[in-house]
Amino acid sequence: MGAEKAKKTAAPKGAPVKAKIGVISIITGQGAAYGEAITNGIKLARDEVNAKGEVLVDLKIEDSSGKQEQALAAAQKLINSEKVVAIIGPTLSNEMFAAGPEANASGVPIMGTSTTAKGIPQIGKFVFRNSMPESQAIPASVGAAVKKYNIRKVALLYGNDDAFTKSGFDTMKEVSEKLKLKILTIQEFQKGQADYKAQLTKIASLKPDAVFCSALYNEGGVILAQARKMGLKVPFVGGNGFNSPKVIDIAKDAAEGLIVATPWFGEKNDPKVKAFVAKYEKAYGKKPDQFAAQAYDAFYIMTNALKAAGAADRGKLRDALAATRNFQGVVGKFSFDAERDVVMTPSVLTVKNGKFAIFN
Amino acid sequence: MFLEQLINGITLGSIYAIVALGYTLVFGVLDIINMAHGEIFMIGAFVSMLIVSKAGAPLPVAFLGAIVVTSAMGLLLERFALRPLRGRPGASHLASLISTIGVSILLENVAHKIFGSGNHLFETSFAEISFTIGPVTVYLVQVVILLISLLLMAGLAIWLSRTRSGKALRAAAENLETAGLLGVDTNRMITATVVIASAMGGVAGVLVGMAFNYINNQIGLSMGLKGLAIIIFGGMGSVYGAMAGGLILGLSETFVVAYGSSGYRDAIAFVAIIVILLIKPQGLFGQTPADARR
């Protein structure tokens, strides 16, 4: 109800909306590469938005070091001392499970740009995310592959000692059952394994139409290489862990034909994407990745909602955020569903001539 | 599928056996478990990767390079991590165990610093050669790995049983003090043992690269644990036990995946080891503790 009101009062009243927005990111420590991409994306968007003059944002960036307790401390500081109107971040799902409830209890909208675990927006009505969960990406890639190759029988392969690859596998299994595919075998492996021949020999002997594999890129690349070498030529559909050019670095020619779904595709033939990639590259000397792109869009989603709310008010901003529909960002067309989770169509990609390209 | 899995299992098993041999030699003579063995194996794999994939040199050069580097590492390990602790009054057996753990962590981190944490391609044109017998595809690499490990095992067995230095080594293994009194240069014997064991680790590293095409700085850890399990299973200090144990573990791991559940690959193999140890606590080829030593 509040959302509709916010929409109607969306007309700018001339004076710019001034707002202080907090960012919790990994600046130091292990995950600093993710944090760097995210803050780069946010800063780029901030400069553009401030230059337009409708919304003037003062960013307060705090370091979480990738740790839950530091993320919580940063959230408390931003909410109570800095009195920010909203928070973007933190980076990891684990961190969000610590900082999210705090922001929610204080009535401060908080939006994850890279948190894909189950149950994040369900923390509370002030918690949002614009990062696509695997449960949306995998059905798209599996669906596209099944349609093109007329897949009937599949083999599933996944790393069973990692929460992320395990949840990717759960989705693959669910989707296979929904599409009435015959699951010939489910094979598991552990992180850092060198030898997948026993599993792959078994899979090859059952003659599946395709292999759905949930692995991080390090293991995924090796699996692809060993599979192709032993003559397993069927299509491979990978989870989000495969969605990295590093897979191609590791597997080389064996990566050809791998199918993945991703919310972000930097080579998309879209003027908005091209402009963003060019600007980002000029500013930071490298190409933006998925984390930078999602953070860039998140800032725009946030400031559009601020514009709609008409004032730097936490409650009004929340309602305006929740009402975001069909926002056209660099990642794609984005909406929040009733649970403040992501609604968007991922791009399905395949590896062609040593590069990711649109699959069709 | 059975024959293919059998070949997979033998390939894996012969690599395990060579790794375990390195452990067993050091344990037999020095009575210590060399926790750095897995990491020396890993360094051997990286050295040969540089030679084969980066410099494009032929495989024999890679073996030579890996052997030279890992032998030198064995020498350094003995000089700086083991010898200073040996014979020190009051120094427990565990002191050398801890110092080798330190070396293993150091080596893993050095490899991480130099090569990063990701997988590295071990590329040889040799690895592509295969032939088909009926429905079974066999890679030449698999045959070569088996041959090399058989040669290595036979060579070691002959050296230990037939040569003078081999006999001296066995004497040292039997009782270090007595061997010393009988004129065996025990310091030299110990150094030779650690160097030979490390060189075998280096060879195993090249074989892993050939067999699986990828190496990373973590491979030493899991291979090291397997090697440890094998020598306990085969009988501490028994050369034949290490050979048989390696093959049995490799085969059972592979068949657990083929006919059981891949998720329990390691667990089932280890449970099997525990069950066998319950029946024969001294291990497959182990002697009863009374006549083993002391």
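Chain letters run A, B, ... following the sequence lines, proteins first, then strands; residues in each count from 1. Nothing here was measured: the structure is a model prediction, and the numbers come from that model.
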Inset, instruction - Name the region of A:Leu157, side chain, backbone, both or neither, that has any atom closer than 4.5 Å to a heavy atom of chain B. - result: neither

Inset, instruction - Sort out for me which of A:Ile186, A:Asp195, A:Thr185, A:Asp249 touches chain B most, counting heavy-atom pairs under 4.5 Å. - result: A:Asp195

Legend entry - Region of A:Gln190 that comes under 4.5 Å of a non-hydrogen atom in chain B: side chain

Inset, instruction - Write down the atom of A:Thr201, the atom of B:Gln5, and the distance for their closest heavy-atom approach. - result: CB-NE2, 3.6 Å

Legend entry - Where B:Ile219 and A:Ala194 come nearest, the two heavy atoms and their spacing: CG2-CB, 4.5 Å

Legend entry - chain A contact via B:Tyr264 - side chain, backbone, both or neither, heavy atoms under 4.5 Å: neither

Legend entry - From A:Ser205 atom OG to B:Glu4 atom CD, the distance as rounded to the nearest 0.5 Å: 8.0 Å

Legend entry - Separation of B:Arg265 CZ from A:Asn160 CG (nearest 0.5 Å): 11.5 Å

Legend entry - Residue, of B:Asn119, B:Leu12, B:Leu121, B:Thr137, that accumulates the most heavy atom pairs under 4.5 Å with chain A: B:Asn119

Inset, instruction - Identify which of A:Lys229, A:Glu219, A:Lys246, A:Lys197 forms the greatest number of heavy-atom pairs closer than 4.5 Å to chain B. - result: A:Lys229

Inset, instruction - Return the minimal non-hydrogen interatomic distance between A:Lys202 and B:Gly260, and the atom names on each side. - result: NZ-O, 3.8 Å

Legend entry - A:Asp253 atom CG, neighbour heavy-atom count above 12 within 6.0 Å: no

Inset, instruction - Determine whether A:Asn218 and B:Asn216 make a side-chain contact, defined as any pair of heavy atoms from C-beta on separated by less than 4.5 Å. - result: no

Inset, instruction - Counting only heavy atoms closer than 4.5 Å, note whether B:Ser261 contacts chain A via side chain, backbone, both or neither. - result: side chain

Inset, instruction - May I ask you to check whether over 12 heavy atoms, not counting those of A:Lys233, lie within 6.0 Å of atom NZ? - result: yes

Legend entry - Interatomic spacing from NZ in A:Lys252 to CG in B:Asn213 - rounded to 0.5 Å: 11.5 Å

Legend entry - Shortest non-hydrogen separation from B:Tyr214 to A:Ile250 and the atoms involved: OH-O, 2.5 Å

Inset, instruction - Evaluate whether atom OH of B:Tyr139 has more than 12 neighbouring non-hydrogen atoms of other residues, nucleotides or ligands under 6.0 angstrom away. - result: yes

Legend entry - A:Gln226, part contacting chain B, at a heavy-atom distance under 4.5 Å: side chain

